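Remarks on the structure that follows.
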Amino acid sequence: AQSVTQLDSHVSVSEGTPVLLRCNYSSSYSPSLFWYVQHPNKGLQLLLKYTSAATLVKGINGFEAEFKKSETSFHLTKPSAHMSDAAEYFCVVWSGGTSYGKLTFGQGTILTVHP
Amino acid sequence: SQTIHQWPATLVQPVGSPLSLECTVEGTSNPNLYWYRQAAGRGLQLLFYSVGIGQISSEVPQNLSASRPQDRQFILSSKKLLLSDSGFYLCAWSTGAGYYNEQFFGPGTRLTVL
């Protein structure tokens, strides 16, 4: 079984300040973990993915995430927020086994960026 | 490169009317295909997935159905829409089962049932 919990439903930051979006997961197998971003009325875009290589994963648009097995966490960070980062972010886990590519999505975190 | 299309982009339908949403993928063969629904404030819910032509797995009981008549075509249908069917419907594809199993999403269809 697998599950994912995004600890904040809303995060608000000022432009130029750091961003932290928190995600915890549970998985019966070694997981693959992803972060997706969704702008209003758009599809989801992959930001980054962890697949058991380096634990610090760099993605697009300056985002990165660190896989911490001991804490079962995969938090998303960015050093300096831009207005264009305002969107909804989804943490996603896939843990193989017989899941045949079925992903489990968190409930999403809405990021607001203030000027 | 691979692309995924969905249509229509928006749809307003009365309760009790039928539904057909279409998704096609270009630039890849034998993809896994998925239908998700995203209701306001409720994240993404997997509705159906398919690993091949004519092979459909349903994740939740509902009045929706899915079909895969061709390798890169995935259709979501209903005979009679309910108010609760309103939402944002997303189609996605991935390569076959494997460790690097990210999914690629289409632009979505906004369905409003009145």
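These numbers come from a predicted model, not from an experiment.
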Exercise for the section: Output the distance between atom CG (A/Asn41) and atom OG1 (B/Thr10), rounded to the nearest 0.5 Å. Expected result: 9.5 Å
Problem - Same cluster (ILVMFWY, side-chain, under 4.5 Å), B/Leu82 and B/Val12 - result: no
Exercise for the section: Look at the side-chain heavy atoms of Ile, Leu, Val, Met, Phe, Trp and Tyr, link any pair under 4.5 Å apart, and say whether B/Ile56 and B/Leu19 land in one connected group. Expected result: yes
Handout entry: Heavy-atom closest contact (B/Tyr36 atom, A/Leu103 atom, distance)
Key = OH-CB, 4.2 Å
Practice task
Measure distances from A/Gln38 to the heavy atoms of chain B and classify the residue's part below 4.5 Å as side chain, backbone, both or neither.
Solution key: side chain
Fill in the blank from the handout: Residues at least two apart in sequence or cross-chain that pass side chain to side chain contact (heavy atoms under 4.5 Å, CB included) with A/Ser9, listed by chain then number, are none
Exercise for the section: Find out if a path of hydrophobic residues (ILVMFWY) with successive side-chain heavy-atom gaps under 4.5 Å connects B/Leu44 to A/Ile110. Expected result: no
Practice task
Pull out the residues in residues 69-91 of chain A that come under 4.5 Å of chain B, heavy atom to heavy atom, sorted by number.
Solution key: A/Glu88, A/Phe90
Exercise for the section: Answer with yes or no whether the hydrophobic clustering places B/Ile75 together with B/Leu33; edges join I, L, V, M, F, W, Y residues whose side-chain heavy atoms lie under 4.5 Å apart. Expected result: no
Handout entry: ILVMFWY network linking A/Val13 to A/Trp35, side-chain heavy atoms under 4.5 angstrom
Key = yes
Completion exercise
The interface call for A/Leu46 against chain B, heavy-atom contacts under 4.5 Å, is side chain
Exercise for the section: Find out whether A/Phe105 and B/Gln38 are in side-chain contact, i.e. whether some heavy atom of one side chain is under 4.5 Å from a heavy atom of the other. Expected result: no
Practice task
Taking the side chain as every heavy atom from C-beta outward, state whether B/Leu46 and A/Thr104 have any atom pair closer than 4.5 Å.
Solution key: no
Exercise for the section: Over all heavy atoms of both residues, which pair between B/Gln103 and A/Tyr36 is shortest? Give the atoms and the distance, please. Expected result: O-OH, 2.6 Å
